[in-house]
Participant: 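First the structure, which I've put down as structure tokens, then a few questions once you've had a look.
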Amino acid sequence: MPELPEVEVTRRELAPRLLGRRISAVHTTAPSYFFLTPPASLKRRLKGCVVVDLRRRGKYLLACLDSGDVLLLHLGMTGQLFTAKARSPRLLSATARSSLAPEQIAGFKPDRHTHLRLCFADGDEDVIFRDVRKFGKVRLLPSGQSDPRLDKLGVDALEATGADLFAAASKRRAPIKTLLLDQGVIAGIGNIYADEGLFLARVRPSRRADRVSADECDRIVQSCQAVMLRSIETGGSSIADYVRPTGGDGGYQDERKVYAREGLPCPICGARIVRRVLGQRSTHYCPRCQR
DNA sequence: CGTTACACCTGAGGGC
DNA sequence: TGCCCTCAGGTGTAAC
């Protein structure tokens with residue numbers, strides 16, 4: 001689910017509820033590839049720490065600790081990061097659903113998908129990381145150490161320029177949409193906002209990258225930014241799993257023009273929105289507006 | 001190197 | 001109701 005806007009909304013809403021609080025206990029599920037840092041060492045290094053800053057790079061969140069360590073978080077496809085008063089820590093709910101409705105967060109019970117739960121010395125709400133498909137990631141970066149995943153990221157999508165895209169695009173024959181999804185070129189754009197940005201820029205997703213002009217690259221980057229900034233304003237897209245840290249839904253799914261709108265009329269020209277697969281990702285566009 | 005196919009995992013929804 | 005299929009906001013890796 002989460003692309004740059006959802007991660008940014010999560011960062012903004014989580015920060016005031018997390019910063020400055022001392023971690024008193026850490027609960028996790030069993031070791032799995034979800035934990036790039038094994039649960040045992042995660043607990044060791046987190047306990048007693050205070051998160052002093054919460055940053056974002058592309059789709060990653062970086063929680064900076066007073067110890068100098070950095071907790072690296074990625075929400076994958078179904079990650080949910082929120083705060084709640086967890087009831088009955090040892091009582092595991094049997095419900096296994098991918099999406100957790102906002103009203104369920106109020107009376108949240110940790111279940112088998114609740115992979116990380118931070119408790120605090122103030123005894124107030126826990127910070128919870130829940131992820132059904134476990135495509136999300138948690139890693140504790142020891143002070144001063146870098147991470148290959150972060151090192152590989154290109155310029156953040158909100159800071160990118162058309163020139164950044166054009167420089168990469170002119171050397172590549174892959175579809176332009178594939179480049180937009182390449183986190184090593186521009187970091188933060190995912191499947192929804194690639195489709196929505198290309199629609200706003202009126203460029204067909206399948207166009208060979210090396211045949212997209214510099215002007216079009218300008219338009220594409222500006223359109224992606226406009227769409228993502230608007231999504232941040234509305235709290236992100238809550239299509240299946242995404243919830244805000246406060247338990248609310250985002251609003252951007254109601255403003256989508258093409259994503260998951262196959263067969264429905266284009267809001268500009270009325271033509272039927274087309275869906276086709278590009279680079280193993282579902283892709284949506286208007287066959288008349290986008291050339 | 002760039003590009004593509006596939007794997008990782010769980011749940012929802014549709015067709016029969 | 002159950003089974004089997006496809007689909008899902010991502011990304012790392014292997015193979016051409």
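Both backbone and side-chain heavy atoms feed into the values below; hydrogens, waters and symmetry mates do not. Since this is a predicted model, take the numbers as computed values, not measurements.
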Participant: Ignoring the backbone of A:K134, work out which of B:dG11, C:dG10, B:dC9 is nearest its side chain.
Facilitator: B:dC9
Participant: So, for A:Y193 and A:F199, is the gap between ring centers shorter than 6.0 Å?
Facilitator: no
Participant: In this structure, which stretches of DNA chain B are paired as stems of three or more consecutive Watson-Crick or G-U pairs, both distances less than 3.5 Å?
Facilitator: B:2-8 with C:10-16, B:10-16 with C:2-8
Participant: Given B:dA5, C:dA8, C:dG10, which nucleotide is nearest the side-chain atoms of A:S282?
Facilitator: C:dA8
Participant: Would you say A:R275 places a side-chain N or O within less than 4.0 Å of OP1 or OP2 belonging to C:dT6?
Facilitator: no
Participant: Indicate the ring-plane relationship of A:Y259 and A:H284, choosing parallel, tilted or perpendicular according to the 30° and 60° boundaries.
Facilitator: perpendicular
Participant: Between A:H113 and B:dG11, is there a contact of a side-chain N or O with OP1 or OP2 at under 4.0 Å?
Facilitator: yes
Participant: Drop me the distance from A:L198's CG to A:R207's CZ, to the nearest 0.5 angstrom.
Facilitator: 9.5 Å
Participant: With a 4.0 Å cut-off on N to O distance, would you call A:R130 and A:D111 a salt bridge?
Facilitator: yes
Participant: Taking the P atom of each, how far is B:dC9 from C:dC3, in whole Å?
Facilitator: 23 Å
Participant: How would you label the contact of A:K59 with the nucleic acid (heavy atoms, under 4.0 Å): base, sugar-phosphate, or nothing?
Facilitator: sugar-phosphate
Participant: Would the A:H115 and A:F129 ring centres measure less than 6.0 Å apart?
Facilitator: no
Participant: Please determine, for the side chain of A:Y60, which listed nucleotide (B:dC9, C:dG10, C:dG12) has the closest atom?
Facilitator: C:dG12
Participant: Mind checking if A:S238 touches a base, just sugar-phosphate, or nothing, with heavy atoms under 4.0 Å?
Facilitator: base
Participant: Salt bridge check: are A:D122 and A:R22 linked by an N-O gap of less than 4.0 Å?
Facilitator: no
Participant: Whole angstrom is fine here: how far is it from CZ in A:R281 over to P in B:dT4?
Facilitator: 15 Å
Participant: Is it true that a side-chain atom of A:Q183 and a backbone atom of A:L181 form a donor plus acceptor pair closer than 3.5 Å?
Facilitator: yes
Participant: Within the 4.0 Å heavy-atom criterion, would you say A:S32 contacts the bases, only the backbone, or no part of the nucleic acid?
Facilitator: nothing
Participant: Quick one: sort the A:H74 and A:Y60 rings into parallel, tilted or perpendicular, breaks at 30° and 60°.
Facilitator: perpendicular
Participant: Round to the nearest Å and state the distance from A:R133 atom CZ to C:dT6 atom P.
Facilitator: 15 Å
Participant: Find the distance A:M77:CE to B:dC9:C1' and express it as a whole number of Å.
Facilitator: 11 Å
Participant: Has A:F135 got its ring stacked on the base of B:dC8, with centres under 5.5 Å and planes less than 30° apart?
Facilitator: yes
Participant: Between atom CZ in A:R149 and atom C1' in C:dT11, what is the gap in whole Å?
Facilitator: 8 Å
Participant: Check DNA chain B against residues 171-186 of chain A and give the residues with a non-hydrogen atom under 4.0 Å, in numerical order.
Facilitator: A:R172, A:R173, A:A174
Participant: May I ask you to establish whether A:R204 and A:Y285 are in a cation-pi arrangement, using a distance under 6.0 Å from NZ or CZ to the six-membered ring centre and at most 45° from the ring axis?
Facilitator: no
Participant: From B:dT10, B:dC8, C:dT11, pick the nucleotide closest to the side chain of A:H74?
Facilitator: C:dT11
Participant: Starting at atom CG of A:L36, determine the distance to atom C1' of C:dG10, rounded to an integer number of angstrom.
Facilitator: 14 Å
Participant: Give the rounded distance in Å between these two atoms: CD of A:Q253 and P of C:dA8.
Facilitator: 17 Å
Participant: Report the distance from atom CZ of A:R208 to atom C1' of B:dG2, rounded to the nearest whole Å.
Facilitator: 13 Å
Participant: Please state how far atom CD1 in A:I189 lies from atom P in C:dG10, giving the value in whole angstrom units.
Facilitator: 11 Å
Participant: So, are A:R17 and A:E125 salt-bridged, with charged N and O less than 4.0 Å apart?
Facilitator: yes
Participant: Evaluate the side-chain proximity of A:T37 to A:V138: yes if any heavy-atom separation is below 4.5 Å, no if none is.
Facilitator: no
Participant: Looking for any heavy atom pair under 4.0 Å, which part of the strands does A:Y33 touch: base, sugar-phosphate only, or nothing?
Facilitator: sugar-phosphate
Participant: What's A:R256 touching, base or sugar-phosphate or nothing? Going by heavy atoms closer than 4.0 Å.
Facilitator: nothing
